[in-house]
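Contents: one structure, followed by commentary.
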Amino acid sequence: RRVWMCFDGAGLAEIERRLGEVGGRVKGAVEIVDVEMRRSRVNDLENEASAEGFWEDSVTARKLMMELDRHRAEIRRAKEWESAVSDVSSALELVKELGDGVDSEEQSEILQEAEDHLSSLSKSLNDFELQSTLSGEYDAHGATVTIQAGAGGTDAQDWAEILVRMITRFAERRGFSARLVDFSPGEECGYKSAVIEVRGEFAYGLLSAEKGTHRLVRISPFNAQGKRQTSFAGIEIMPILPDDDLNVVEILDKDLEISTMRAGGKGGQNVNKVETAVRVVHIPSGISIRCAEERSQLLNKEKAIARLKSKLVVIAQEQRVEEINEIRGDGVEAAWGNQILNYVFHPYKMVKDVRTGYETADVQAVIDGEIDEFINAFLRSRAAASIEQ
């Protein structure tokens, strides 16, 4: 059921004010997009794509077509912004021309539609401005999210499962696909560790804000005396890289230690009977990856090595090293003093990001996946720090 905006001068003035504000943002965003430059690039790429023998190098051809699609999408989005501003401006002019000579309900309908256009436009601009902070080489890719229970025993394993749900619900709300691909069950409940694959545009860039130690304070449901318990879990984020990017990462066989084990959980007659799970350790750095999602040992080995390469590529960037063997396997312990986010259920309710200072009292909404504002605050803070440097 729709509630119509009442027509009056104040309502019209407010929408005019918002139009001026959003129109200014559109002008700035269109300048950033640089439509003329993109049109020129589209023309060049289309000429390349129509050249004879273009598809002979399929890897280069696919990358070129992806770039072409990105430029077209940005041009289309910029035109939609300008069109929306024009439509709202025309609607307001119509309301003024109608004046008192028409039923106020009809004017209210026009104003309501203008308001809806502005709200939709503002959301699109918010998404664009946020994406503008995601300029990393792998930010546009999907993400592999690994959640590891830390200090806190059973409570920490339960906390790891809560975080799995939080990340999954966030991904689903944004239209991403999220799949639990591997896990090690807790002794009583929850997970000792779990791996989620999140696929969607900018999944890695967005979820990189969650990388680190997450601290939970609550009355423990596993404590007979009902005492307050502090527990920790660590979240690690890796991009899901295409084969073309992974192929350039060379790891010598002598630098890998590969072991097999029985996989846990449901999955067919081989699971728990045949050693299908694989653990790959990169000896120079000590970094290890476990994979048990496939029923074949070979497929699990291939996936484990692919994830190891993804992890090494990201760490190499963070540590600014040129050779994979120079990477340090420095890990952050999921324990007191290392947390990036505090989730407090008792004696008060609050979630606070210690990096940005952003906080909310709506703890339930956060663990239900509404973490957008925390991610936005972190990305803007990171972008501001980068500019200062």
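- In the hydrophobic cluster analysis, where Ile, Leu, Val, Met, Phe, Trp and Tyr join through side-chain heavy atoms closer than 4.5 angstrom, Met350 is grouped apart from Ile162.
- Residues passing the side chain to side chain donor-acceptor pair (under 3.5 Å) test with Glu137 are Gln317, sequence neighbours excluded.
- Contact detail for Glu210 and Ile340: the closest heavy-atom pair is O-CD1, 3.9 Å.
- Lys96 has a carboxylate O that lies under 4.0 Å from a charged side-chain N of Glu16, or vice versa, which qualifies the two as a salt bridge.
- In this structure, Phe378 has no ring pair (Phe, Tyr, Trp, His ring centres under 6.0 Å) partners at least two apart in sequence or on a different chain.
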Item to check | Stepwise side-chain contact (heavy atoms from CB on, under 4.5 Å) test for His282 and Glu257 | outcome: CA-CA 7 Å; His282 182 242; Glu257 179 182 289; over 6 Å; no

Next on the checklist: Working note: Lys123 + Asp127, criterion salt bridge (charged side-chain N to carboxylate O under 4.0 Å, His left out); need CA distance, chi angles, decisive distance, verdict.
Outcome noted: CA-CA 6 Å; Lys123 182 180 182 304; Asp127 290 342; 3.4 Å; yes

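- Side-chain atoms of Asn47 come within 3.5 Å of backbone N or O of Asn43 as a donor-acceptor pair.
- Here Thr60 pairs with Asp57 under the side chain to side chain donor-acceptor pair (under 3.5 Å) rule; sequence neighbours left out.
- Using a 4.5 Å heavy-atom cutoff, the side chains of Ile147 and Ser193 are not in contact.
- Listed by first then second residue, pairs satisfying side chain to side chain donor-acceptor pair (under 3.5 Å) with a partner in residues 161-171 read Arg169-Asp368, not counting sequence neighbours.
- Counting only distance, with no hydrogens or angles, the side chain of Asn342 and the backbone of Lys352 share no donor-acceptor pair below 3.5 Å.
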Please output the side-chain donor-acceptor pairs of residues 79-94 that fall under 3.5 Å, not counting sequence neighbours, one pair per line with the distance.
unit_1, atom_1, unit_2, atom_2, d
Trp81, NE1, Ser124, OG, 2.9
Ser90, OG, Ser86, O, 3.0

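- Residues Val198 and Leu207 form a side-chain contact, since some pair of their non-hydrogen atoms from C-beta on lies under 4.5 Å apart.
- Nearest heavy-atom pair, Ala149 versus Ala156, reported as atom, atom and distance to 0.1 Å: CB-O, 3.6 Å.
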Next on the checklist: What verdict does the salt bridge (charged side-chain N to carboxylate O under 4.0 Å, His left out) test give for Asp362 and Lys349, after you've listed the backbone C-alpha separation in whole Å, the side-chain angles of each residue and the deciding distance to 0.1 Å?
Outcome noted: CA-CA 7 Å; Asp362 196 350; Lys349 293 186 182 297; over 6 Å; no

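- At a threshold of 4.5 Å between side-chain heavy atoms, the hydrophobic network of Ile, Leu, Val, Met, Phe, Trp and Tyr places Phe202 and Ile240 in two separate groups.
- In this structure, the side chains of Gln297 and Val278 come closer than 4.5 Å at one or more pairs of heavy atoms.
- Note that the OG atom of Ser310 and the CD1 atom of Ile289 stand 9.0 Å from one another [nearest 0.5 Å].
- Contact of the Ser122 side chain with the Arg25 side chain is registered, since non-hydrogen atoms from C-beta on lie closer than 4.5 Å.
- When atom types are taken as modelled, the side chain of Gln157 and the backbone of Glu187 share a donor-acceptor pair closer than 3.5 angstrom.
- By the side chain to side chain donor-acceptor pair (under 3.5 Å) test, Arg307 pairs with Glu197, Glu293, sequence neighbours left out.
- Interatomic distance, OG of Ser58 versus CE of Met65, reported as 13.5 Å (0.5 Å rounding).
- Taken to the nearest 0.5 Å, the CD atom of Glu250 stands 13.0 Å off from the CG atom of Leu312.
- Using modelled atom types, no side-chain atom of Asp353 and backbone atom of Tyr358 make a donor-acceptor pair closer than 3.5 Å.
- Ser119 OG to Glu115 CD: the interatomic distance, rounded to the nearest 0.5 Å, is 4.5 Å.
- Closest non-hydrogen pair, Ser135 versus Asp139, comes out as N-OD2, 3.3 Å.
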Checklist entry - Between Phe183 and Val195, does a side-chain contact (heavy atoms from CB on, under 4.5 Å) hold up when you go through it step by step? => result CA-CA 6 Å; Phe183 66 91; Val195 180; over 6 Å; no

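- In this structure, Arg173 contributes its side chain and Gly369 its backbone to a donor-acceptor pair below 3.5 Å.
- Atom-to-atom distance recorded for Leu163:CG and Asp158:CG is 10.0 Å, nearest 0.5 angstrom.
- Contact check for Arg174 versus Asp372: side-chain heavy atoms found under the 4.5 Å cut-off.
- Enclosure of atom NZ in Lys303 by more than 12 non-hydrogen atoms of other residues, nucleotides or ligands within 6.0 angstrom is indicated.
- In this structure, the side chain of Arg38 engages the main chain of Val33 through a donor-acceptor pair within 3.5 Å.
- With hydrogens and angles ignored, the 3.5 Å screen pairs a side-chain donor or acceptor of Arg355 with a backbone N or O of Ala209.
- Distance alone, capped at 3.5 Å, places no donor-acceptor pair between the Asp69 side chain and the Met66 backbone.
- For the pair Arg295/Thr276, no side-chain contact is recorded, criterion being any heavy-atom separation below 4.5 Å from C-beta on.
- In terms of hydrophobic clustering, with Ile, Leu, Val, Met, Phe, Trp and Tyr side chains grouped at heavy-atom distances under 4.5 Å, Val181 and Ile167 are assigned to different clusters.
- The two residues Ala143 and Ile237 come nearest to each other via the heavy atoms CB-CG2, 4.0 Å.
- A donor-acceptor contact closer than 3.5 angstrom links the side chains of Glu67 and His71.
- At a threshold of 4.5 Å between non-hydrogen side-chain atoms, the residues Leu241 and Lys309 do not count as touching.
- Trp159 is not connected to Phe222 by any chain of hydrophobic side-chain contacts under 4.5 Å among Ile, Leu, Val, Met, Phe, Trp and Tyr, and they are in different clusters.
- Tracing side-chain contacts under 4.5 Å through hydrophobic residues (I, L, V, M, F, W, Y), one never reaches Phe374 starting from Val344; they form parts of separate clusters.
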Checklist entry - side-chain contact (heavy atoms from CB on, under 4.5 Å) between Thr360 and Glu373: does it pass, once the steps are laid out? => result CA-CA 10 Å; Thr360 179; Glu373 292 305 318; over 6 Å; no

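- Ring to ring, Phe232 and His214 are not that close: their centroids are 6.0 angstrom or more apart.
- Closest approach of Gly152 to Ser231, counting heavy atoms only: CA-CB, 4.1 Å.
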Next on the checklist: Is there a salt bridge (charged side-chain N to carboxylate O under 4.0 Å, His left out) between Glu14 and Arg17? Walk through the geometry before answering.
Outcome noted: CA-CA 5 Å; Glu14 173 59 21; Arg17 185 196 67 77; 2.8 Å; yes

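- Leu64 is listed as a side-chain neighbour of Glu48, based on a closest heavy-atom distance under 4.5 Å.
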Checklist entry - Do Phe176 and Arg199 pass the side-chain contact (heavy atoms from CB on, under 4.5 Å) test, and can you show the C-alpha distance, the side-chain angles, and the key distance before you say yes or no? => result CA-CA 6 Å; Phe176 299 159; Arg199 295 185 180 271; over 6 Å; no

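- The line from OG1 of Thr146 to CG of Asp182 is 9.0 Å long, rounded to the nearest 0.5 Å.
- Between Arg228 and Pro347, the shortest heavy-atom distance links the atoms NH1-CD, 3.0 Å.
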